[in-house]
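This is a predicted model, so every value here is computed, not measured.
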Amino acid sequence: MKICNFTKNQVSMKKINLYIYASLVSVLLLSCGSNKSSKGNSVASVTTNTTIAVPDFNADSAYHYVAQQVEFGPRVPNTSEHDKCADFLVEKLKGFVAKVYRQDFDAIAFDGTILKSSNIIGAYKPESNKRIALFAHWDTRPWADNDKEASNRKKPVLGANDGASGVGVLLEIARNIQLVEPTLGIDIILFDSEDYGAHQDYTGRQPLDENNWCLGSQYWSRVPHVPNYRARFGILLDMVGAKEATFYYEGYSKHYAKNILEKVWNQGIQLGYGNYFIKRDGGAIIDDHLYVNAIANIRTIDIIPFYPNNRDSSFGSRWHTVNDDMSGIDRTTLKAVGQTVMTTIYNEQ
Ligand code: AHN
Ligand code: ZN
């Protein structure tokens with residue numbers, strides 16, 4: 001199969017959209033006290049226009065990055081497919097950002113299994129102390145335990161949406177930031193071992209620790225890739241590729257980082273993606289951002305779908321089933337999320 005690469009040269013600079021932001025700087029010159037000028041109090045106002053170049057998020061490129069991960073097969077910890085995909089992600093990030101870290105660690109799963117795990121981090125402008133962290137998990141679930149068909153419930157999940165979609169969007173953002181420089185430093189942080197939570201039918205060791213998911217983010221939040229790591233805020237992307245996905249305000253995001261949630265949703269709506277970004281409350285989800293907030297103390301939101309009327313799952317009918325494959329991935333959704341997140345980070349000064 002021919003695999004096309006999206007490199008610097010193939011993206012023409014004319015595709016860069018320019019968004020004009022008028023920032024009104026009012027300078028109040030007040031003379032007061034004993035230094036009164038002859039004119040008395042005067043008020044001057046100065047208006048400056050700042051042009052911020054935001055690149056065009058290429059949905060075909062993002063889709064391709066999703067497909068490349070899925071081609072490895074399920075990326076379950078302790079399998080060769082998983083390890084090969086880790087190498088692929090490291091190499092891919094090395095092509096886009098200055099510094100790539102690979103954090104290898106042993107995670108202990110709910111049943112005592114030791115998971116050979118790797119968090120993978122790409123740092124853009126690693127020297128800057130003004131940073132934004134972007135997160136996704138790259139591993140996939142060992143069991144399709146939400147599948148309608150009982151015979152499928154021990155099969156692994158391919159994870160086109162649950163895993164690969166968030167990573168695909170972040171790789172496309174990484175490709176863009178090497179082409180057009182954002183002001184802030186950006187970290188692309190790919191967590192491992194998010195989806196090894198207990199099988200729905202698990203009857204062993206009880207009670208189950210509710211922290212049996214998200215093992216990579218728990219590790220990183222305690223041991224970040226650089227000591228004393230700080231970021232202005234963080235955005236987690238989880239399952240951001242399904243057709244007609246709807247993203248509601250997730251509960252922990254609202255609790256820890258309400259203003260970031262509003263900033264991102266407003267940006268999405270302003271860009272024309274109001275069908276995706278819904279300013280209403282969804283559920284509260286135990287996901288990687290919870291640990292980044294609670295342990296690392298970095299205000300982080302989760303962009304995760306919520307379908308209020310879906311009977312199979314509030315995450316959608318393909319969630320943790322054998323049907324989470326490329327046929328469920330929609331370029332328009334990748335674009336909505338990718339362009340929104342990218343515009344948000346380029347606007348930070
Ligand atoms: C729980 O179901 C507890 N959390 C969902 C986190 C998740 C799983 N995200 C993707 N797969
Ligand atoms: Zn999952």
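A distance-only check finds a donor-acceptor pair linking the side chain of T333 to the backbone of A242 [under 3.5 Å]. Looking at T246, its side chain never comes within 3.5 Å of a backbone N or O of Y276 through a donor-acceptor pair. Between the side chain of D209 and the main chain of N212, no donor-acceptor pair closer than 3.5 Å is present. K335 places a side-chain N or O within donor-acceptor distance of the main-chain N or O of F57, the cut-off being under 3.5 Å.
Stacking of R331 on the aromatic ring of Y63 is recorded, both the 6.0 Å distance cut-off and the 45° axial limit being met.
By the 30° and 60° cut-offs, the orientation of the rings of Y229 relative to H225 is tilted. Taking the six-membered ring for Trp and thresholds of 30 and 60 degrees, F88 and F72 have ring planes inclined between 30 and 60 degrees apart.
Under the 4.0 Å criterion applied to side-chain N and carboxylate O atoms, D302 and K254 are not assigned as salt-bridge partners. At a threshold of 4.0 Å, the pair E172-R175 counts as salt-bridged, since one of the basic side-chain nitrogens sits closer than that to a carboxylate oxygen. The pair D325-R318 meets the salt-bridge criterion, with a side-chain N (NZ, NE, NH1 or NH2) lying under 4.0 Å from an Asp/Glu carboxylate O. Using a cutoff of 4.0 Å between basic side-chain nitrogens and carboxylate oxygens, K130 and E348 are not scored as salt-bridged.
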Can you list the steps and then say if W213 with F110 is a ring pair (Phe, Tyr, Trp, His ring centres under 6.0 Å)? CA-CA 8 Å; W213 301 81; F110 66 97; 8.8 Å; no
After noting the C-alpha distance and the side-chain angles of K84 and E81, does the key distance pass the salt bridge (charged side-chain N to carboxylate O under 4.0 Å, His left out) rule? CA-CA 5 Å; K84 281 182 200 147; E81 294 82 0; over 6 Å; no
Under the salt bridge (charged side-chain N to carboxylate O under 4.0 Å, His left out) rule, what do D106 and K116 come out as? Steps first, then yes or no, please. CA-CA 5 Å; D106 288 353; K116 293 288 179 190; 3.0 Å; yes
Determine, step by step, whether K154 and D145 satisfy the salt bridge (charged side-chain N to carboxylate O under 4.0 Å, His left out) criterion, reporting the C-alpha distance in whole Å, the side-chain angles of both residues, the deciding distance to 0.1 Å, and the verdict. CA-CA 7 Å; K154 292 222 164 105; D145 57 348; over 6 Å; no
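In summary, of the residues considered (R230, R232, R131), a salt bridge (charged side-chain N to carboxylate O under 4.0 Å, His left out) with D187 occurs for R131 alone. The side chain to side chain contact (heavy atoms under 4.5 Å, CB included) test with S117 is passed by exactly one of Y196, F191, F105, Y219: F105.
Ring-centre distance between Y307 and F315: not below the 6.0 Å cut-off. In this structure, W265 has its ring center at least 6.0 angstrom away from the ring center of F247.
A donor-acceptor pair shorter than 3.5 Å can be found between the side chains of H82 and D192. With 3.5 Å as the limit, one finds no donor-acceptor pair spanning the side chains of R153 and N146. Side-chain polar atoms of H320 and Q200 form no donor-acceptor pair below 3.5 angstrom. Under 3.5 Å, the side chains of D111 and H199 contain no donor-acceptor pair of N or O atoms.
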